[in-house]
2 protein chains.
Amino acid sequence: MSEVVTQTIDRCRAAGLRRTKALEELIVTLLDSPRPMTLSELAASERLRDQCDKATVFRLLQRLAEKGVVRRLGLHERAAYFTLLIPGRHQDYLICTECGSIEAVKAPCPVHELEDEIRRKTGFRNLYHELEFFGTCPACA
Amino acid sequence: MSEVVTQTIDRCRAAGLRRTKALEELIVTLLDSPRPMTLSELAASERLRDQCDKATVFRLLQRLAEKGVVRRLGLHERAAYFTLLIPGRHQDYLICTECGSIEAVKAPCPVHELEDEIRRKTGFRNLYHELEFFGTCPACA
DNA sequence: GTAATTGCAAATACTTTGCCACGTA
DNA sequence: TACGTGGCAAAGTATTTGCAATTAC
């Protein structure tokens, strides 16, 4: 099992969660995915399909989001997307409004300075941001 | 009626929409609001409450989004948010994850260069972006 | 042993559509 | 007149919860 997986499970344990098979498989699944996934996708994924009920995945995601281990994203679809939150890592996304494809933006995120400024000026705590680009991908154009 | 309202209605007319009372009230309501609004908020708003059904507001928003007059935003809630799209204007948002308050970010958006770069490198068309900051506001902290 | 976790089914929330009446151009 | 619009009610989709059984610690 990869380094990141064990570290993430440790973070869950430290946050008071129990180490269940479903938790492990969920984390591995999210980590394997190059892009955020919906609840339905997760529940239907190879690793989780026979492992547990959709409600379980839902509640796991809920707890993990509460503990800051996963993040829930909007991304313009009706369904919410979830992604693992790895300390020190940040990802922006590029989304095709026609076919719904989602890919990670490779360039560094230009928002951190503004984020610091907002933190200073507004007194918001636990500040983070979400940045998404939308458009029509070459294949759909 | 303000300049922007008539211009926006003109854009709708140009896009082939009919000028109805509901359309006008919807546009004025969105323009009056300092932040994006949900379908429910719009349908229950003073101007629209007695004017038309929720389904009508829904279909109006749908048409307007199609024509590029309004934009549908995620913003992390279960309900979608809508905002008027004024040419040459762009807005980022600061959202409290505790109380759900939404305010517009006053500072200029630092993402346009990256957007240009993505447009060039990926060949995406009609590119735009959405940037939101999330955190705990001073009142909730 | 005890509290967290789970499955299953039922309840919610928000969105979306069908169908026929109506109003704008 | 013709076609976009509107109201009302029903259907759809994704999420969320209740409760009793199970499992991790």
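Within every chain, numbering begins at 1; the chains are lettered A, B, ... in the order of the sequence lines, protein sequences first and strands thereafter. Predicted, not measured: the structure shown is a model, and the values here were computed from it.
For the atom pair CG of B:L64 and CZ of B:F82, the computed distance is 10.0 Å after rounding to the nearest 0.5 Å. A:S45 contributes atom OG, which lies 8.5 Å from atom CD of A:E25 (distance to the nearest 0.5 angstrom). Here the straight-line distance linking atom CZ of A:R11 with atom OG1 of A:T6 works out to 11.5 Å at 0.5 Å rounding.
Of the residues in residues 36-54 of chain A, those with a non-hydrogen atom less than 4.0 angstrom from any atom of DNA chain D are A:L39. Contacts between residues 61-77 of chain B and DNA chain D, defined by a heavy-atom separation below 4.0 Å, involve B:R63, listed by number.
Residue B:R18 places its side chain closer to D:dT5 than to any other of C:dC8, C:dT17, D:dT5. Among the nucleotides D:dG7, C:dC14, C:dT6, the one closest to the side chain of B:T56 is D:dG7.
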Exercise for review: Go through the steps for B:Q7 and B:E3 under the test side chain to side chain donor-acceptor pair (under 3.5 Å), then give the verdict.
Suggested key: CA-CA 6 Å; B:Q7 283 173 1; B:E3 183 76 6; 3.3 Å; yes
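In this model, no donor atom of one side chain and acceptor atom of the other lie less than 3.5 Å apart for A:H112 and A:H129. Side chains of A:E132 and A:H76: no donor on one and acceptor on the other come within 3.5 Å.
When every heavy atom of B:C137 is checked against every heavy atom of A:F124, the shortest pair comes out as CB-CZ, 3.4 Å. The shortest heavy-atom contact between B:E130 and B:G74 is OE2-N, 3.5 Å.
Under the 4.0 Å criterion applied to side-chain N and carboxylate O atoms, A:E24 and A:R19 are assigned as salt-bridge partners. One finds a salt bridge joining B:R119 and B:D116 here, because a Lys/Arg side-chain nitrogen approaches an Asp/Glu carboxylate oxygen to under 4.0 Å.
Backbone-only contact: A:A79 has heavy atoms under 4.0 Å from sugar-phosphate atoms and none from a base.
B:L60 has its CG atom 15 Å from the P atom of C:dT15, to the nearest Å. Rounded to whole Å, the distance from CD on B:E24 to C1' on C:dG23 is 14 Å. Between the CZ atom of B:F58 and the C1' atom of D:dA10 there is a distance of 15 Å, rounded to whole Å. Rounded to an integer number of Å, the gap from B:R59 CZ to C:dA21 C1' is 12 Å.
On a pure distance criterion of 3.5 Å, no polar donor-acceptor pair joins the side chain of B:R13 and the base of D:dG4. Judged by distance alone, with hydrogens and angles left aside, B:R78 brings a side-chain donor or acceptor within reach of the base of C:dA13, the pair sitting under 3.5 Å. Side-chain N/O atoms of B:R19 and base N/O atoms of D:dG4 include no donor-acceptor pair closer than 3.5 Å.
The C1' atoms of five pairs define one axis at each end of the helix from C:dG1-D:dC25 to C:dA25-D:dT1, and these two axes lie 40° apart (to 10°).
Heavy-atom nearest nucleotides on DNA chain C were determined for A:L17 and for B:A80, and the one closer to the 5' end corresponds to A:L17.
Distances shorter than 4.0 Å separate none of the side-chain N or O atoms of A:T20 from OP1 or OP2 on C:dT5.
Looking at heavy atoms from C-beta onward, A:C12 lies in side-chain contact with A:I27 at the 4.5 angstrom threshold.
A:R35 pairs in a side-chain hydrogen bond (donor to acceptor under 3.5 Å, both in side chains) with only one of the listed residues (A:Q91, A:E103, A:E41), which is A:E41.
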